[in-house]
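Step one of this worksheet: look at the structure below.
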Amino acid sequence: MAVDRRTVTELDLQADVPRGPVRAAVLLLHGGRSESLEPVSARQPSVLRLIPFARGLRRAGGPLGLAVWRLRYRVRGWNGPAESPLADAREALDVLRERHPGLPVALVGYSMGGRAAVRVAADPAVVAVAGLAPWLTPAESPETLAGRHVLLVHGGDDRTTDPRATAAFAERARLVAASCAFVAVPGDGHAMLRRPGTWHRLTTEFVLERTGLAEPGQRRRR
């Protein structure tokens, strides 16, 4: 796959695009902090944690036509009413629709990125949303997920974001989503490091199946 690095009006987007026909795309949204106007560094842990997911998606999905995009926000925090990552995520989706017109897009968001993914899921290109240890408060509305396929994965020992809040949100999302699965990962924490194979397998299979690149339950090479 060719690596295409592109900056659009200071937005940092990196993509691994197949050399052959592209049939679907995935956008990865990293985590951050509740409050911070600091620029995001490429070496921050929340950014680095999604790199293995991007590699796994590229390895399994590239031969099937999956373009894998990673966004790095302009600033590190959510910042209350400013909801800083949302403008970046929406701009990134504009780029994906321009580059891959008419193709299905999946969102994979980690921590704060999971919250951002839920908020921008109403974009017409988005067909699926995966939230990994997502930051979802009781006030979060699932209405943006109407008609989308949803996967929410949370470690049982997470002390940064609340797995109970994620499970409760999943119950509400099932009322509007095309499908919604909540998966608890026993013994794992917010960093997703104790059982990485579980997180990677669930994410990759979900993205490939819900973008139409693989049949449900189809076994893939590891």
Side-chain angles (χ1 to χ4, degrees), residues 3-17 25-58 67-100 105-126 128-137 139-141 144-145 148 150-154 158 160-162 165-166 169 190-193 199 203 207:
V3 177
D4 175 17
R5 288 184 170 84
R6 180 180 183 182
T7 300
V8 182
T9 60
E10 301 181 358
L11 190 72
D12 191 324
L13 271 173
Q14 297 185 15
D16 286 304
V17 180
V26 59
L27 175 63
L28 280 72
L29 304 172
H30 64 79
R33 292 182 173 176
S34 59
E35 302 287 338
S36 176
L37 294 176
E38 295 178 0
V40 176
S41 163
R43 304 303 299 174
Q44 287 169 358
S46 62
V47 177
L48 295 174
R49 285 190 184 113
L50 284 185
I51 292 177
F53 286 89
R55 289 173 177 162
L57 287 162
R58 178 188 64 196
V68 181
W69 292 76
R70 287 195 300 124
L71 169 65
R72 193 167 77 194
Y73 314 127
R74 291 179 174 91
V75 298
R76 196 172 184 180
W78 183 269
N79 301 316
E83 300 175 340
S84 299
L86 299 191
D88 295 347
R90 290 181 176 125
E91 190 173 335
L93 283 169
D94 288 343
V95 173
L96 265 67
R97 279 190 275 101
E98 176 188 330
R99 289 287 301 270
H100 312 301
V105 173
L107 301 176
V108 174
Y110 165 61
S111 193
M112 184 181 77
R115 188 178 189 183
V118 168
R119 292 289 187 93
V120 302
D123 184 283
V126 173
V129 176
L132 310 177
W135 174 29
L136 297 171
T137 71
E140 202 70 37
S141 171
T144 53
L145 299 172
R148 275 64 177 173
V150 182
L151 171 67
L152 301 172
V153 188
H154 219 125
D158 195 327
T160 302
T161 54
D162 188 352
T166 300
F169 179 84
H190 194 65
M192 309 179 293
L193 296 176
W199 297 86
T203 302
V207 169

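Scanning all heavy atoms of the two residues, the minimum distance from Met112 to Arg76 falls at CE-O, 3.6 Å. Ala54 and Arg70 get closest at one heavy-atom pair: CB-CD, 3.7 Å. The shortest heavy-atom contact between Ser141 and Val118 is O-CG1, 4.0 Å. Residue Ala116 comes nearest to Leu86 through the heavy atom pair CA-CD2, 3.7 Å, listed as atom of the first residue, atom of the second, then distance. Looking at every heavy atom in both residues, Ala117 comes nearest to Val129 through CB-CG1, 3.9 Å. Taking each heavy atom of Leu13 and Ala92 in turn, the nearest pair found is CD2-CB, 3.9 Å.
Between atom CG of residue Leu132 and atom CG of residue Leu151 there is a gap of 7.5 Å, rounded to the nearest 0.5 Å. Arg72 CZ to Asp88 CG: the interatomic distance, rounded to the nearest 0.5 Å, is 11.5 Å. To the nearest 0.5 angstrom, Trp69 atom CH2 is 15.0 Å from Leu57 atom CG. To the nearest 0.5 Å, atoms CG (Asp94) and CG (Asp123) are separated by 7.0 Å. Rounded to the nearest 0.5 angstrom, Leu136 CG and Thr166 OG1 are separated by 5.0 Å. In this structure, CD in Glu91 is found 4.5 Å from CZ in Arg74, a value given to the nearest 0.5 Å.
Looking only at distances, no side-chain donor or acceptor of Thr144 sits under 3.5 Å from a matching main-chain atom of Ala121. Put simply, the side chain of Thr161 never gets that close to the backbone of Ser111: no donor and acceptor are under 3.5 Å apart. Between the Arg115 side chain and the Pro134 main chain, no donor and acceptor come within less than 3.5 Å of each other.
At least one side-chain heavy atom of Trp135 sits under 4.5 Å from a side-chain heavy atom of Trp78. Using a 4.5 Å heavy-atom cutoff, the side chains of Val153 and Thr203 are not in contact.
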*Go through the steps to decide whether Arg97 and Val105 satisfy the test side chain to side chain contact (heavy atoms under 4.5 Å, CB included), and finish with yes or no.*
CA-CA 9 Å; Arg97 279 190 275 101; Val105 173; 5.6 Å; no
*Are Trp199 and Arg49 close enough, and set up right, to give a side chain to side chain contact (heavy atoms under 4.5 Å, CB included), and what steps lead you there?*
CA-CA 11 Å; Trp199 297 86; Arg49 285 190 184 113; over 6 Å; no
_Apply side chain to side chain contact (heavy atoms under 4.5 Å, CB included) to residues Phe169 and Thr137 and explain how you reach the verdict._
CA-CA 8 Å; Phe169 179 84; Thr137 71; over 6 Å; no
*asked:* The test is side chain to side chain contact (heavy atoms under 4.5 Å, CB included); show your working for Val126 and Leu93 and say whether it passes.
replied: CA-CA 9 Å; Val126 173; Leu93 283 169; 4.1 Å; yes
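Residue pairs meeting the ring pair (Phe, Tyr, Trp, His ring centres under 6.0 Å) criterion with at least one member in residues 28-51, sequence neighbours excluded, are His30-Tyr73.
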